[in-house]
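I'd like to ask you about the structure that follows.
All values below come from the heavy atoms of this structure, side chains included, with hydrogens, waters and symmetry mates left out. Model, not experiment: these values are computed from the prediction.
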Amino acid sequence: SSLLIRYKDLLDIVLAPIFLRRWMWLINILYKDYKIILIPSSPSLLKKRGFSHLNLMLQDCNLEVIDCLKKQDKIQRFAKDRQKVKFEFLFKPDNLKKIIIFDDVITSGSSMKAAIDILAPICSKIVLISITTNIKKEKNNARKSEVV
């Protein structure tokens, strides 16, 4: 998780390929007929970063990547009401039969749930791919991170 935080929050873009490098060949083969839908970051985070962190992670992907969702709310990563995350379409893509929803999950996974809610009615197959971390508090209140 420390690498993911370093990549996203400290803007260390050279880390982008490491998250999926091991699996990209398999994704390209197994899901060759799928399109990838990205979970959007808030406009303020995109502006602050100056890059789409998910797009950079997918730079070696041969699948079509579609950035068609936008957040309806201003709920941020560590907000207590993450389960209220909702998306709307920037545009409704054609021919979304088989999709992969791609995100990094640092907190609750609520963004993926919200994406499934909006995409399930128009897709016949949905696969979830995520870079996942689990952040726990230790007894001494120090943060401990482990990749799950």
(request) Side-chain contact test, heavy atoms from C-beta onward, threshold under 4.5 Å: evaluate it for M57 versus L4 and give yes or no. (result)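 Yes, their side chains come closer than 4.5 Å.
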
(message) Apply side-chain contact (heavy atoms from CB on, under 4.5 Å) to residues F89 and I118 and explain how you reach the verdict.
(response) CA-CA 8 Å; F89 285 106; I118 193 170; 3.5 Å; yes

(request) Would you check, one step at a time, whether the test side-chain contact (heavy atoms from CB on, under 4.5 Å) holds for L20 with F102? (result) CA-CA 11 Å; L20 290 175; F102 177 59; 3.6 Å; yes

(message) Looking at every heavy atom in both L46 and S52, which two are closest together, and how far apart are they?
(response)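 In this case the closest contact between L46 and S52 is CD2-CA, 3.9 Å.
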
(message) Can you confirm whether I27 sits close enough to I29 that some side-chain heavy atom of one is under 4.5 Å from a side-chain heavy atom of the other?
(response) no

(request) Please examine the side chains of I36 and I99, heavy atoms only from C-beta on, and report whether any two atoms are closer than 4.5 Å. (result)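 When only atoms from C-beta onward are counted, I36 and I99 do not touch, as no gap falls below 4.5 Å.
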
(message) Are V127 and I101 packed together at the side-chain level, in the sense that at least one heavy-atom pair is separated by less than 4.5 angstrom?
(response)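 Side chain of V127 against side chain of I101, heavy atoms only: no contact under 4.5 Å found.
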
(request) Quick one: pull up CD1 in I116 and CG in L119 and give me the separation to the nearest 0.5 Å. (result)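 I116 CD1 to L119 CG: 8.5 Å, rounded to 0.5 Å.
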
(request) Calculate, to the nearest 0.5 Å, the distance between atoms NZ and SG belonging to K92 and C68 respectively. (result)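 These two atoms lie 10.5 Å from each other.
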
(message) Using 0.5 Å steps for rounding, measure from the OG atom of S41 to the CG atom of D104.
(response)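 Atom-to-atom, S41:OG and D104:CG are 7.5 Å apart.
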
(request) Search all heavy atoms of A120 against all heavy atoms of I126 and return the closest pair with its distance. (result) CA-CD1, 3.8 Å

(message) Quick check against the 3.5 Å criterion: does Y34 have a side-chain atom that pairs as donor or acceptor with the backbone of L63?
(response) no

(message) Looking at every non-hydrogen atom in both residues, tell me the closest pair between L90 and D67 and how far apart they are.
(response) CD1-O, 3.7 Å

(request) Using atom types as modelled and distance alone, determine if a side-chain donor or acceptor of R49 lies under 3.5 Å from a backbone N or O of K8. (result) yes

(message) Any heavy-atom pair between the side chains of F87 and D117 that's under 4.5 Å?
(response) no

(request) Please report the closest heavy-atom contact between D33 and K98, naming both atoms and the distance. (result)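 Closest approach of D33 to K98, heavy atoms only: CB-NZ, 3.6 Å.
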
(request) Look up atom CD1 in I18 and atom CD1 in I131, then write down how far apart they are to the nearest 0.5 Å. (result) 9.0 Å

(message) Please say yes or no: joined through hydrophobic side-chain contacts below 4.5 Å, possibly via intermediate residues, are L54 and L10 part of one cluster?
(response)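 No, L54 and L10 fall in different hydrophobic clusters.
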
(request) Please answer whether the main-chain N or O of K97 pairs with a side-chain N or O of S124 as donor and acceptor at a distance below 3.5 Å. (result) yes

(request) Count the heavy atoms belonging to other residues, nucleotides or ligands that lie under 6.0 Å from CD1 of I13, then report whether that count exceeds 12. (result)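 Incorrect, the count does not exceed 12.
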
(message) Would the distance check show the side chain of D103 and the main-chain N or O of I39 forming a donor-acceptor pair, the cut-off being under 3.5 Å?
(response) no

(request) Apply the test side-chain contact (heavy atoms from CB on, under 4.5 Å) to residues I66 and E64: give CA-CA distance (whole Å), side-chain angles for both, the deciding distance (0.1 Å), then the verdict. (result) CA-CA 6 Å; I66 303 172; E64 181 180 355; 3.8 Å; yes

(message) Do L69 and F91 land in one hydrophobic cluster if side-chain heavy atoms of ILVMFWY residues count as linked below 4.5 Å?
(response) yes

(message) I need the H53 NE2 to D9 CG distance, nearest 0.5 Å.
(response) 9.0 Å

(message) Can you confirm whether K71 sits close enough to K86 that some side-chain heavy atom of one is under 4.5 Å from a side-chain heavy atom of the other?
(response) no

(request) Scan L26, N62, I100 and name whichever one has a side-chain contact (heavy atoms from CB on, under 4.5 Å) with Y31. (result) I100

(message) Counting C-beta onward and ignoring hydrogens, is there a side-chain heavy-atom pair between L30 and W23 closer than 4.5 Å?
(response)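 Answer no - side chains too far apart.
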
(request) Taking atom OH of Y7 as the centre, report whether more than 12 heavy atoms of other residues, nucleotides or ligands fall under 6.0 Å from it. (result)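 Buried by this count: over 12 neighbours within 6.0 Å.
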
(request) Taking the side chain as every heavy atom from C-beta outward, state whether F51 and L11 have any pair of such atoms under 4.5 Å apart. (result) yes

(request) Mind running side-chain contact (heavy atoms from CB on, under 4.5 Å) on S130 and M112 for me, showing each step along the way? (result) CA-CA 9 Å; S130 69; M112 285 195 122; 4.1 Å; yes

